[in-house]
Amino acid sequence: MIETLPVIIWLLILATPKANALAGEPSLYNEADNVINADTDTLLPYLRTTPNGKLVQFLNIFCGHCRRFAPIFKAVARELYKWKRVLSIYAVDCAQARNVEVCRDFQILQTPTLRYFPPAFSGGGIGINIPTLSPTKIIDLLAGHLAKDINTSLLRFEPLTPDNNVNTTLADHKGPGHTEEYIALVLQPKGSNIGRDTILELLPYPAVAVRIVDDSRIFSNLGLAPHDQKLAIMDLAGNIHALKTVQESSQAYAAGIAEYLAQMGRTPLPPLSTTRAPHISRIRYKEKQQILSTVLRNPHMIYKADVEQAIDILLHIELPKAGLIEGNNLTALRNIISVLRHHNPLNKEGKLLLTGIHDSLITQKRLTGGEFADLVKSKEKELEEDVFKAKRFVGCTASRPFLRGFTCSLWTLFHYLTVAAAKPPNYLAAGSVLSAMHGFAKHFFGCTDCAQHFLAMAARRHIESVTDHDSEILWLWEAHNEVNNRLAGDTTEDPMFPKIQFPRKKDCPSCKNEKWNQSEVLKYLKNIYDTQNLSDYGYNEL
Ligand SMILES: Cc1cc2nc3c(=O)[nH]c(=O)nc-3n(C[C@H](O)[C@H](O)[C@H](O)COP(=O)(O)OP(=O)(O)OC[C@H]3O[C@@H](n4cnc5c(N)ncnc54)[C@H](O)[C@@H]3O)c2cc1C
Ligand SMILES: *[C@@H]1O[C@H](CO)[C@@H](O)[C@H](O)[C@H]1NC(C)=O
Ligand SMILES: *[C@@H]1O[C@H](CO)[C@@H](O)[C@H](O)[C@H]1NC(C)=O
Ligand SMILES: *[C@@H]1O[C@H](CO)[C@@H](O)[C@H](O)[C@H]1NC(C)=O
Ligand SMILES: *[C@@H]1O[C@H](CO)[C@@H](O)[C@H](O)[C@H]1NC(C)=O
Ligand SMILES: *[C@@H]1O[C@H](CO)[C@@H](O)[C@H](O)[C@H]1NC(C)=O
């Protein structure tokens, strides 16, 4: 799905007007998918005031796993449009700066994370985990929660008790607000959910209320013969008919009831509509195309904008998302800041900023992600000039939405750091950059599957045994090639930037001759990732 997004979608994404906080940002979902985008300002109000059950997906737009899950989640959300009367679906992108707070408050430690919130959610707690990404399991777990949490005059999952007769059964379905003209009765044997699922399946039909019957004697009370006691429909005058179905499944039951309702001229609510008019701006699209063609023409080039974006996102989004930072993860935080303090391509103010953060962390015993965000903010206030001016990716720009970007810039940053650390006078001990990267992946990286793969690879490739600067550069190069190899052909691959064994022969003819020539590769990497050679292209307005 993602890989076939046409240009028009790009235009749509680039162009939505700025007025809405969510507009103008790429988003994996929209209301045409039956998914509402929520953020720090809106999530809690939605959860508190929507009288439905709520399903929320917390994601990171840059996480490949989240992007691969997107078409599955869309299919689930579209399918569950039929539950609109009882279930609302939201998505929160934890990769957006304004959502750092809400993702920290809800303790999102991995993405994608699915949580269910009951209709009566009042703001306490972080919701109930839906611990699966399988569509059928998600739907089944939600059905269980909804059946447990919902008990209104319009929607009852509680079985009818055997002492009911026609009059008492009808009594439940009269009065203000009731839209039903028919009552369907479904026999639900012990251990089965067929009644529950038939209720949910028929939510689009306001003309029918489905009641669960767990004791077939009720059918006798209502006047049905013993061989007709599985599925029946009754009108409000008490006239009852048994319905025959070929199969004992909620779909077959719902289809039988729907067919009866159709004969009576009762129709379902309209299905999810799919059309939305895009706003189009060709200006940013053109600028993007210009960057893209320049980048593709210069495969050797590493761009300052990408390195800076990576540091910006680390300081303002990835690190502040942590809950409590103490012990090992405080050490990890100190290591990242220390590496960045020594080697970064930021302006003078940027170097002051990192030194300031570094010095403040020395005396801290513990802090929260929120306090770290405040620390960064307070240090930035003391500066005379803005540090982070690159507001877009350049070398990490993509030819399609949702690809490349932050993870690409992280690789770029860490390669840059290994090369910088190898230059005299060697401010950092050999291995410091890899150790900082490892700590980041272990404690902070919002891309859960990236982190898990990286940690496994680090153990297998003995990351801790790297003891000189040149080996550090080469370790990361080889590791990155292993990841490229694994992801080649994946749906998250940008066809204009295929996953190759880096560098290509035509970019460095001496690097490979049947086998890699490591000293040539080293020379090449030191060359392209050298701080003197970072390109300013795209850093400012074009
Ligand atoms: C630590 C880490 C682990 C990840 N694990 C996963 C994962 O498990 N699953 C997943 O789906 N995604 C993972 N990702 C994301 C994935 O690796 C890519 O970043 C993403 O798919 C975008 O790819 P890209 O085309 O921009 O190139 P990237 O792989 O991001 O590379 C960025 C740039 O680095 C340069 N480069 C490429 N290879 C090398 C090399 N060997 N040495 C030096 N420079 C090189 C190229 O200029 C390239 O454009 C991970 C990212 C990181 C940082
Ligand atoms: C559900 O609602 C009905 C009618 O208001 C009530 O009699 C019943 O006790 C409720 N069941 C539960 C489990 O709250
Ligand atoms: C049901 O109600 C009708 C009319 O209100 C009454 O005539 C009838 O006797 C009642 N039946 C039972 C079983 O209570
Ligand atoms: C950091 O470590 C502390 C103590 O082990 C733990 O409570 C906390 O959740 C960790 N935070 C992160 C971001 O891993
Ligand atoms: C690698 O390249 C260097 C210089 O180009 C050359 O001297 C050396 O023999 C090569 N090593 C191998 C293993 O091919
Ligand atoms: C920068 O790149 C050029 C050409 O690619 C190279 O000749 C030069 O040595 C590089 N500079 C440094 C400091 O590595």
Side-chain angles (χ1 to χ4, degrees), residues 60 62-69 147-161 171-172 175 295-296 298-303 306-307 310 314 318 393-400 402-416 418-420 422-423 434 437-438 440-442 444-458 463 473-488 490-504 507-508 511 516 521-535:
N60 267 309
F62 58 73
C63 124
H65 201 32
C66 298
R67 292 191 292 231
R68 271 172 238 127
F69 179 58
K148 187 168 60 58
D149 291 345
I150 292 177
N151 182 35
T152 65
S153 65
L154 290 178
L155 215 54
R156 293 166 189 273
F157 290 89
E158 270 190 338
L160 273 171
T161 49
D172 279 351
V295 167
L296 288 167
N298 298 286
H300 293 279
M301 209 59 96
I302 304 298
Y303 300 86
D306 298 313
V307 181
L314 282 176
E318 283 296 274
F393 297 106
V394 176
C396 291
T397 200
S399 69
R400 289 176 182 176
F402 315 130
L403 303 177
R404 311 197 74 220
F406 176 57
T407 57
C408 167
S409 72
L410 259 192
W411 281 119
T412 307
L413 170 66
F414 282 109
H415 288 299
Y416 165 86
T418 57
V419 168
K423 276 181 99 168
L434 292 183
M437 191 175 175
H438 188 267
F440 168 71
K442 186 163 179 186
F444 298 102
F445 199 2
C447 178
T448 310
D449 65 329
C450 300
Q452 284 166 353
H453 281 129
F454 185 79
L455 294 175
M457 176 170 70
I463 193 171
I473 297 173
L474 289 170
W475 189 96
L476 195 60
W477 160 74
E478 274 198 313
H480 192 171
N481 271 344
E482 181 183 324
V483 176
N484 292 345
N485 188 42
R486 179 156 44 80
L487 293 176
D490 186 78
T491 53
T492 62
E493 181 178 63
D494 186 331
M496 297 229 185
F497 297 90
K499 306 280 181 194
I500 47 138
Q501 292 303 288
F502 185 94
R504 293 182 302 185
D507 299 328
C508 178
C511 283
W516 290 111
V521 171
L522 185 63
K523 204 155 68 180
Y524 180 76
L525 294 172
K526 283 185 169 179
N527 206 331
I528 64 166
Y529 283 103
D530 191 278
T531 191
Q532 306 287 321
N533 272 350
L534 288 191
S535 167

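Counting convention: from 1, in listed order, for ligands and their atoms alike.
Near N484, meaning under 4.0 Å from one of its heavy atoms, ligand 1 places the atoms 29 (O), 37 (C), 38 (N). Under a 4.0 Å criterion applied to the non-hydrogen atoms of V483, ligand 1 contributes the atoms 17 (O). For ligand 1, the atoms closer than 4.0 angstrom to any heavy atom of N481 are 41 (N). Heavy-atom proximity to H453, at under 4.0 Å, picks out these atoms of ligand 1: 7 (C), 8 (O). Listed by number with element, the atoms of ligand 1 under 4.0 angstrom from any heavy atom of T407 are 15 (C), 18 (C), 19 (O), 20 (C), 22 (C), 53 (C).
At a heavy-atom distance under 4.0 Å, only side-chain atoms of F454, from C-beta outward, approach ligand 1. Under 4.0 angstrom from ligand 1, the non-hydrogen atoms of L487 all belong to its side chain. Under 4.0 Å from ligand 1, the heavy atoms of R68 that appear belong solely to its side chain.
No cation-pi contact links R404 to F393, judged by a cut-off of 6.0 Å to the six-membered ring centre and 45° from its axis.
Under a 4.0 angstrom heavy-atom cut-off, F414 registers as lying outside contact with ligand 1. Ligand 1 lies out of reach of D494, whose nearest heavy atom is not under 4.0 Å from it. Taking 4.0 Å as the cut-off, R486 counts as a neighbour of ligand 1 on heavy-atom distance.
In terms of protein heavy atoms, atom 46 (C) of ligand 1 is closest to F502 CE1, 3.7 Å. Atom 6 (C) of ligand 6 has as its closest protein heavy atom N527 OD1, 3.2 Å. Closest to atom 44 (N) of ligand 1 among all protein heavy atoms lies Y529 OH, 2.9 Å. For atom 13 (C) of ligand 1, the nearest non-hydrogen atom of the protein is C450 SG, 3.2 Å. Atom 28 (P) of ligand 1 has H480 NE2, 3.6 Å as its closest protein atom, hydrogens excluded (heavy atom only). Protein heavy atom at the shortest distance from atom 10 (C) of ligand 2 is N151 ND2, 2.4 Å. In terms of protein heavy-atom proximity, atom 12 (C) of ligand 6 is closest to N533 ND2, 3.7 Å. Considering only non-hydrogen protein atoms, atom 32 (C) of ligand 1 sits nearest to C408 SG, 3.4 Å.
Residue L403 forms a side-chain contact (heavy atoms from CB on, under 4.5 Å) with just one option from T491, D494, T397, and that option is D494.
The side-chain heavy atoms of V483 and L487, taken from C-beta on, include a pair separated by under 4.5 Å. You'll find the side chain of Y303 reaches within 4.5 Å of the side chain of N298, heavy atoms only. Looking at F445 and Q452, their side chains never come closer than 4.5 Å, going by heavy atoms from C-beta outward. In this structure the side chain of F414 never reaches within 4.5 angstrom of the side chain of L434, judged on heavy atoms. For the pair K423/D530, a side-chain contact is recorded, criterion being any heavy-atom separation below 4.5 Å from C-beta on.
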Take N527 and H300 through the test side-chain contact (heavy atoms from CB on, under 4.5 Å) and record every step on the way to the result.
CA-CA 9 Å; N527 206 331; H300 293 279; over 6 Å; no

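Of the candidates M301, K499, R404, it is K499 that places a heavy atom closest to atom 18 (C) of ligand 1. Nearest-residue assignment for atom 2 (C) of ligand 1 (options F497, F62, W411; heavy-atom criterion): W411.
The distance from the OG1 atom of T418 to the CG atom of L525 is 7.5 Å, given to the nearest 0.5 Å.
Ring geometry, F454 versus H438: the interplanar angle falls from 30° to 60°, so the pair is classed tilted.
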